[in-house]
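This report concerns only the one structure given below.
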Amino acid sequence: MKDVLDALKKAIEEGQAKDAARAVRAALDAGAEPGAVLRDVMVPAMDEVGRRYECGDYFLPEMLISARAMKEALALLRPRLVATDVKPAGTVVAGTVKGDLHDIGKNLVCMLLEGAGFEVRDLGVDVAPEKFVDAVRGGGVNLVALSALLTTTLPNMKVTIEQLKAAGLRDKVGVMVGGAPVNDRLATEIGADGYAEDAAGAVALARRLVGVPA
Ligand code: B1M
């Protein structure tokens with residue numbers, strides 16, 4: 001099993017999508033637990049890609065092909081992560097904020113929320129505040145989940161919350177925020193209802209915000 005998981009990590013780090021897919025299938029066939037594969041192998045592989053980018057070993061194209069490999073591997077885990085017989089817990093409108101194209105973490109949060117019984121309306125990436133407002137105005141929404149990976153796009157979380165307020169909708173929904181540069185303090189400062197560090201934490205937070213027992 002260790003060889004398979006090492007091969008998966010290497011394939012994501014080096015952007016070999018086919019090898020990554022092959023390794024995920026092999027790991028699942030050998031009985032690996034999908035959550036552990038994600039947490040212990042795939043997420044650290046993307047962290048390593050970020051580290052290589054930061055120190056100048058990788059450039060944008062390498063980051064991009066690693067992201068593609070990660071997404072292919074994630075697609076194979078998806079059926080296992082979202083398999084659920086949990087009662088509907090509420091509806092979440094999710095998206096990566098305006099100016100930000102990072103969606104792997106947001107997709108993961110959406111998958112685990114679905115797996116926990118939430119209906120998820122994923123608005124995608126580079127989502128303008130008005131789009132979040134329109135989605136909430138449409139009705140039936142309990143939570144808004146905002147993701148941001150860039151320090152430069154963090155302010156758009158605040159703008160989105162302010163636009164919800166201006167539209168008179170802020171009190172009707174819980175707002176949760178997350179992404180690598182986000183923290184508890186920022187969440188409080190911008191008027192969000194909570195911050196989660198990772199996708200599993202996002203599920204726990206979402207349950208708390210809608211009053212569903214963990
Ligand atoms: Co970008 N990028 N990137 N990038 N990229 C980072 C984020 C960076 C940290 C890399 C680095 O320098 N080390 C850096 C940001 C620095 C900063 O602002 N602090 C960076 C940069 C600078 C950039 C560009 C500006 C580069 C450039 O153009 N010069 C550019 C910006 C483009 C844009 O968005 N406008 C850019 C582009 C890209 C790609 C397109 C090539 C690609 C994204 C592809 C895609 O997502 N479809 C990419 C990638 C892959 C990364 C890294 C390497 C990996 C991100 C990732 O997918 N991680 C990243 C470095 C890193 O994070 N270590 C980096 C895996 C994922 C599972 O984790 O997304 O953190 P993460 O999600 C976690 C938690 O954060 C949390 O749960 C998730 C699962 O546990 N979470 C939430 C996320 N959202 C949440 C919401 C919640 C709760 C929890 O509630 C609502």
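These numbers come from a predicted model, not from an experiment.
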Exactly one of Val4, Ile12, Asp6 should register a side chain to side chain contact (heavy atoms under 4.5 Å, CB included) with Leu8. Which one does?
Ile12
Could you please spell out the steps behind the side chain to side chain contact (heavy atoms under 4.5 Å, CB included) verdict for Glu114 and Arg78?
CA-CA 10 Å; Glu114 277 182 45; Arg78 189 173 199 281; 3.1 Å; yes
Assess whether a salt bridge exists between Lys10 and Glu13, defined as any Lys/Arg side-chain N lying under 4.0 Å from an Asp/Glu carboxylate O.
no
Hydrophobic cluster identity match, Val49 and Phe59, side-chain contacts under 4.5 Å:
no
Kindly work out whether a path of hydrophobic side-chain contacts (I/L/V/M/F/W/Y, heavy atoms less than 4.5 Å apart) joins Val93 to Val120.
no
Do the non-hydrogen side-chain atoms of Val24 and Glu72 ever get within less than 4.5 Å of each other?
no
Student check: side-chain heavy atoms of Leu112 and Leu81 closer than 4.5 Å:
yes
Within the distance-only criterion (no hydrogens, no angle test), does the side chain of [X] pair as donor or acceptor with the backbone N or O of [Y] below 3.5 angstrom?
| X | Y | value |
| --- | --- | --- |
| Asp103 | Lys106 | no |
| Asp193 | Val175 | yes |
| Arg137 | Ala167 | no |

Residue list, salt bridge (charged side-chain N to carboxylate O under 4.0 Å, His left out) with Lys172, at least two apart or on another chain
none
Kindly write out the residues that satisfy side chain to side chain donor-acceptor pair (under 3.5 Å) with Tyr58, not counting sequence neighbours, or none if the list is empty.
Arg52
Considering all heavy atoms, the nearest Leu123-Ala135 contact:
CD1-CB, 4.1 Å
Atom pairs and distances, donor-acceptor, side-chain atoms in residues 195-204, under 3.5 Å, two or more places apart:
unit_1: Tyr195; atom_1: OH; unit_2: Val182; atom_2: O; d: 3.4
unit_1: Asp198; atom_1: OD1; unit_2: Ala200; atom_2: N; d: 3.4
unit_1: Asp198; atom_1: OD1; unit_2: Gly201; atom_2: N; d: 2.8

Which residues end up grouped with Ile65 if you chain together Ile, Leu, Val, Met, Phe, Trp and Tyr wherever their side-chain heavy atoms are less than 4.5 Å apart?
none
Per-pair distances, 0.1 Å, donor-acceptor, side chain in residues 144-157, under 3.5 Å, sequence neighbours excluded:
unit_1: Thr153; atom_1: OG1; unit_2: Asp100; atom_2: OD2; d: 2.8
unit_1: Thr153; atom_1: OG1; unit_2: Leu150; atom_2: O; d: 3.1
unit_1: Asn156; atom_1: ND2; unit_2: Lys98; atom_2: O; d: 2.8

Only pairs under 3.5 Å count here: list side-chain donor-acceptor contacts from residues 25-43, not counting sequence neighbours, and write none if there are none.
unit_1: Glu33; atom_1: OE1; unit_2: Ala36; atom_2: N; d: 3.1
unit_1: Glu33; atom_1: OE2; unit_2: Gly35; atom_2: N; d: 3.1

